[in-house]
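Shown next, in structure tokens, is the structure this report addresses.
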Protein chains: 2
Amino acid sequence: MSDQPTDVSPLSLNRLSIYLRCLTQLRDQGIARVSSKQLAKQFQLSAPLIRKDLTQFGEFGIRGTGYEVEALITRLRTILGLDREQRIVVVGMGRLGGALARYLELNRGAFRIVAAFDSDRRKVGSKVGAFKIHHVSEVPQVIPNTGAKIAVLTVPPRSAQRTCDALTEAGIRAVLNFAPVQLQVNPEIRARSVDVRIHLEELAFFVQS
Amino acid sequence: MSDQPTDVSPLSLNRLSIYLRCLTQLRDQGIARVSSKQLAKQFQLSAPLIRKDLTQFGEFGIRGTGYEVEALITRLRTILGLDREQRIVVVGMGRLGGALARYLELNRGAFRIVAAFDSDRRKVGSKVGAFKIHHVSEVPQVIPNTGAKIAVLTVPPRSAQRTCDALTEAGIRAVLNFAPVQLQVNPEIRARSVDVRIHLEELAFFVQS
DNA sequence: CCGTGTGAAGTCCTTCACAGCT
DNA sequence: AGCTGTGAAGGACTTCACACGG
């Protein structure tokens, strides 16, 4: 589709998101140009790393001057696909799912929730913001119509893998999983897990010393 | 304090948590022994990697046989510090903070919430489960008394850094941050950020192709 | 002169291959 | 024979140092 490199390391990709956020802040402060050294100082990173991350996608710095904030923001948004609307669905409207949905509605950037799902029949049918809650069994019918390619998965661990299979079957290409399980997915599907317990256990280890 | 290696890579450490979870499942299924190859198959990892991860802390496998599930669980819990009670505080009892607190109360392993904080005076004073909600300004007084060393930070981005400073000042040694900002902390403090937007943007990139 | 872009060096992590125990 | 533990090889990511352009 575009001539972007397709083999970008996840670490580098996550940093691009961080750069984008930081640049947006700088723009709001009225700053028009910034050097990699200045950026590096703001969040603990190294200047050459920032330059390497950026040059994967082309040369958009000006030697001797730095980067134009506005232009770089635009470029990063395009790279990340945030210039297009990204339709997402939330599966599992419990407390966490509800909180995430609310957050995404408030901070609606490129991401737009187009549907939600839950297994609790009492929740089904109600509207939250601009989208409706469907029963999970309707995933195969509803998802293809929405055109969503990204799903946020906040169901109980027991049903996570089953639900994930249904989602990919229905055309979902990427899953952000909050259930504490290791999802098994085909290589063409991208799954990212956010696991609070794993993070807490990591912190518990460090607190010991 | 113990003779554990103090320089364990975060990646390796996170895998230890994953092993622990998987081993617990195996135990519940009544499996007493397991080989690194079997473990590797369950979640997409390699057998030598599992062995390397484990041997950092000693040799607790049996050649020709594998690992004893129960013994390995005990060992991993000790390594991660989960044999002791880990007291944590939740700062910011909005929707996300509330959902996380609820989750941690239900799945109370080694982690016990001993206090919560919020800036909304209407929430202050109420009890959620076994802990009380204090006003954020009370952090300096309350935290030292609880003995908590880990904090979960779910406050708005604007106040995240300020709150984090107050927490470390009050004796908190590790912070799990959900606000979309890069926290600046001293090297003796461990901060981990979970940022939904960054993960979604990573997925948006992959969905493009 | 300043800061980007980039090959080369260095570091960290993973995989490999096999020695050694059961 | 089977599987762990481990030095050595391999790969991935980061840093360094400097050439090049503004």
Side-chain angles (χ1 to χ4, degrees), chain A residues 3-19 22-23 26 31-73 75-76 79 182 198 202 205, chain B residues 4-19 22-23 26 31-73 75-76 79 182 187 198 202 205:
Chain A
D3 58 349
Q4 286 191 29
T6 173
D7 56 337
V8 188
S9 91
L11 289 156
S12 171
L13 206 44
N14 287 349
R15 283 194 300 268
L16 293 181
S17 289
I18 295 174
Y19 303 156
C22 185
L23 288 163
L26 292 177
I31 295 167
R33 269 192 290 270
V34 69
S35 73
S36 59
K37 195 190 275 183
Q38 289 173 297
L39 276 174
K41 207 190 264 176
Q42 295 248 358
F43 32 80
Q44 240 63 339
L45 287 171
S46 83
L49 184 57
I50 295 174
R51 296 201 297 272
K52 270 260 157 73
D53 281 339
L54 295 177
T55 49
Q56 299 178 85
F57 302 95
E59 311 188 0
F60 21 85
I62 306 156
R63 303 194 182 203
T65 310
Y67 299 89
E68 301 228 2
V69 173
E70 188 63 49
L72 190 49
I73 288 175
R75 199 72 191 80
L76 284 176
I79 291 167
Q182 304 299 112
I198 286 180
E202 182 188 343
F205 174 84
Chain B
Q4 287 191 28
T6 174
D7 56 335
V8 188
S9 91
L11 289 157
S12 172
L13 206 44
N14 288 349
R15 284 193 299 267
L16 292 181
S17 289
I18 296 173
Y19 304 156
C22 184
L23 287 164
L26 292 177
I31 296 166
R33 270 193 288 271
V34 69
S35 73
S36 59
K37 195 191 274 185
Q38 290 172 295
L39 275 174
K41 208 190 263 177
Q42 294 248 0
F43 31 81
Q44 239 65 340
L45 286 172
S46 83
L49 184 57
I50 294 174
R51 296 201 296 272
K52 269 261 157 73
D53 281 339
L54 295 176
T55 50
Q56 300 177 85
F57 302 96
E59 310 188 359
F60 21 86
I62 305 157
R63 302 192 183 205
T65 310
Y67 299 88
E68 300 226 3
V69 173
E70 188 65 48
L72 190 50
I73 288 175
R75 198 75 191 80
L76 285 175
I79 290 167
Q182 304 301 111
I198 287 179
E202 182 188 342
F205 174 84

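Lettering of chains follows the sequences in order, A, B, ..., and the numbering in each one begins at 1. Side chains are part of it too, since the values below use all heavy atoms of this structure and drop only hydrogens, waters and symmetry mates.
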Practice task
Determine, step by step, whether A:Leu54 and A:Tyr67 satisfy the side-chain contact (heavy atoms from CB on, under 4.5 Å) criterion, reporting the C-alpha distance in whole Å, the side-chain angles of both residues, the deciding distance to 0.1 Å, and the verdict.
Solution key: CA-CA 11 Å; A:Leu54 295 177; A:Tyr67 299 89; 3.7 Å; yes
Fill in the blank from the handout: Heavy-atom contacts, protein to nucleotides 13-22 of chain C, under 4.0 Å, summarised as B (base), S (sugar-phosphate only) or - (none) per nt, yield SSB-B--BBS
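Between B:Tyr19 and the choices B:Ile50, B:Ile73, B:Leu72, the side chain to side chain contact (heavy atoms under 4.5 Å, CB included) rule is met once, by B:Ile50.
A:Glu59 places its CD atom 14 Å from the C1' atom of C:dG7, with the value rounded to the nearest Å. The interatomic distance linking A:Lys37 (NZ) with D:dA17 (C1') rounds to 14 Å, in whole Å. The nearest whole Å value for the distance from the CD1 atom in A:Ile50 to the P atom in D:dC13 is 18 Å. Rounding to whole angstrom units, CD of residue A:Gln56 and C1' of C:dT6 are separated by 13 Å. In this structure, B:Gln38 places its CD atom 12 Å from C1' of D:dG2, rounding to the nearest Å. With rounding to whole Å, A:Leu54 atom CG is found 12 Å from C:dT6 atom P. Rounded to whole Å, the distance from CD on A:Glu68 to P on D:dG22 is 14 Å.
The distance from atom CD1 of A:Ile198 to atom CZ of B:Arg15, rounded to the nearest 0.5 Å, is 11.5 Å. How far CG of B:Leu76 is from CG of B:Asp53: 10.0 Å, rounded to the nearest 0.5 Å. Here the CG-CZ distance, from A:Leu39 to A:Arg51, works out to 11.0 Å after rounding to the nearest 0.5 Å. With values rounded to the nearest 0.5 angstrom, B:Leu23 atom CG is found 11.5 Å from B:Ile18 atom CD1.
For D:dG22, neither phosphate oxygen OP1 nor OP2 lies less than 4.0 angstrom from any side-chain nitrogen or oxygen of A:Tyr67.
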